[in-house]
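These numbers come from a predicted model, not from an experiment. For the numbers below, each heavy atom of this structure counts, side chains included, while hydrogens, waters and symmetry mates do not. One-based numbering along the sequence shown.
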Amino acid sequence: MQATVFSQSPDTGAVVVTDAGLSHDVAPEVVAASGLRFLRPGQRVSITETDGVITRLWIVGIGDDETIT
């Protein structure tokens, strides 16, 4: 699923908004596990959501086994 970064804080994680207009909090641990050093408002990311909780955040083409298509 694709989303847009709304805000980001090292202490509280991030808030993303999906293409459907739904806002989701992203835990600091998920942001840290993404390996991304900086997230900026307006930045497009891919997310995995399970039962309303974001469990993975990444940018396609950055990271192991991620190719730009």
query: Which pairs pass side-chain hydrogen bond (donor to acceptor under 3.5 Å, both in side chains) with one or both residues in residues 13-23, sequence neighbours excluded?
result: D19-R44
So which heavy atom on [X] is nearest to which on [Y], and how close?
X	Y	result
E49	D51	OE2-C, 3.9 Å
S46	V60	OG-CG2, 3.5 Å
P28	P10	CB-O, 4.2 Å

Co-membership, hydrophobic cluster, residues [X] and [Y], 4.5 Å side-chain:
X	Y	answer
L36	M1	yes
V16	V53	no
I47	I59	yes
V5	V30	yes

message: Is it the case that the side chain of T55 and the backbone of T48 share a donor-acceptor pair, with hydrogens and angles ignored and the cut-off at 3.5 Å?
response: yes
- request: Could you walk me through whether L39 and L57 pass side chain to side chain contact (heavy atoms under 4.5 Å, CB included), step by step?
  value: CA-CA 11 Å; L39 291 175; L57 175 133; 4.1 Å; yes
